[in-house]
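We number each residue from 1, following the sequence as shown. Predicted, not measured: the structure shown is a model, and the values here were computed from it.
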Amino acid sequence: MKLIKMLILSAFFALNLSALTEGVEYQTLAKPLNVPKNSVVKVFSYDCPHCYKFDRTITRKLMSKLDGVNFIPYHLSTKGKLGETTSKIFAALISIDEANGTDLLSDESKFKQAKFAIYKARHDEKDDFNDGKDKQRFIDLALNAAHVSKDEYEKALSSDRAKELLNEWFASYDVASISGVPAFVVSGKYLINLNAASSIDEMAKTIKELLDK
């Protein structure tokens, strides 16, 4: 009987040690995002070097550990001189990818191709596009990387889906104002504290526990 009690206590303490603590590993958003429960939202900006680093080294590996979980990018239009233009580019290209059934994390994704062309120009080449005044050159760079014509882009940008995405992304400002970017939100309501995760595996574990809440 004593042994059984000890085993129960051991299991109890092990469970508590693995449990997440609000305010440490995550926090609950006062305004949840309107996304499916089984999802991870990444709030990011083209102008953020840390977002570039995450997309280059972490995001795809992280999502590969989360089988069946929806990855949803939210671009922050309020950061950078070309933030609004970038959001329009990304919304249009995501609408094309979705229509084609293309995974946004795959190398075939037009969204991803344009995103990395923009990241590289902004952060590797330090191109500020004449302080944001060379808007057409910026758009052309993205569309050429994604192999999308100007007509295709304008048609996609005027689609209901692109408009829906741009409207949804307004919520990214509230998230970014809490933790900056990049920011990862689980099930639309749990904002992960990236400083509390020391590895991709630990971050994936935190996300899985939050998905089960």
Treating Ile, Leu, Val, Met, Phe, Trp and Tyr as nodes and any side-chain heavy-atom pair under 4.5 angstrom as an edge, say whether [X] and [Y] lie in one connected cluster.
X    : Y    : answer
L166 : Y173 : yes
F184 : L211 : yes
Y74  : L62  : no
V186 : L33  : no
I178 : V181 : yes

With side chains defined as the heavy atoms from C-beta onward, is the minimum distance between [X] and [Y] less than 4.5 Å?
X    : Y    : value
M203 : L194 : yes
Y190 : Q27  : no
D124 : Y119 : no
K42  : I72  : no
D107 : R60  : yes
K213 : S187 : no
I200 : I58  : yes
L20  : T206 : yes

Whether [Y] and [X] form a salt bridge (side-chain N of Lys/Arg under 4.0 Å from carboxylate O of Asp/Glu) is what I want to check.
X    : Y    : result
D97  : K110 : no
K150 : D140 : no
K120 : E125 : no
D127 : R122 : no
E202 : K205 : no

Taking every non-hydrogen atom, the tightest pair across [X] and [Y]:
X    : Y    : value
Q113 : A146 : OE1-CA, 3.4 Å
L104 : K112 : O-CB, 3.8 Å
A121 : F129 : CB-CZ, 3.9 Å
A156 : S95  : CB-OG, 3.6 Å
L76  : S87  : C-OG, 4.3 Å
A19  : E209 : CA-OE1, 4.0 Å

Row check, Y52 ring normal vs R56 NZ/CZ: under 6.0 Å, within 45°: yes
Row check, F44 ring normal vs K115 NZ/CZ: under 6.0 Å, within 45°: yes
[atom1] of [X]: more than 12 outside heavy atoms within 6.0 angstrom?
X    : atom1 : result
N34  : CG    : no
D160 : CG    : no
E84  : CD    : no

Report the distance from atom [atom1] of [X] to atom [atom2] of [Y], rounding to the nearest 0.5 Å.
X    : Y    : atom1 : atom2 : answer
N195 : S179 : CG    : OG    : 9.5 Å
S106 : F111 : OG    : CZ    : 11.0 Å
S45  : H75  : OG    : NE2   : 4.5 Å
I89  : L157 : CD1   : CG    : 9.5 Å
L82  : I118 : CG    : CD1   : 8.5 Å
K88  : Y153 : NZ    : OH    : 7.0 Å

Donor-acceptor contact present, side-chain [X] to main-chain [Y], <3.5 Å:
X    : Y    : value
N193 : Y26  : no
T59  : F54  : yes
S159 : A162 : yes
S39  : V35  : no
D103 : L105 : yes
W169 : P73  : yes

Side chain to side chain contact (heavy atoms under 4.5 Å, CB included) evaluation trace for L141 with R137: CA-CA 6 Å; L141 169 78; R137 180 165 69 86; 5.8 Å; no
Audit row: E152, K155, salt bridge (charged side-chain N to carboxylate O under 4.0 Å, His left out) steps and yes/no: CA-CA 5 Å; E152 288 175 313; K155 181 180 178 181; over 6 Å; no
Derivation of the side chain to side chain contact (heavy atoms under 4.5 Å, CB included) call for I96 and V148: CA-CA 10 Å; I96 293 174; V148 171; 4.2 Å; yes
Evaluation steps, side chain to side chain contact (heavy atoms under 4.5 Å, CB included), between L210 and D212: CA-CA 5 Å; L210 291 172; D212 289 337; over 6 Å; no
Steps toward side chain to side chain contact (heavy atoms under 4.5 Å, CB included) verdict (T85, F138): CA-CA 9 Å; T85 301; F138 183 81; 4.1 Å; yes
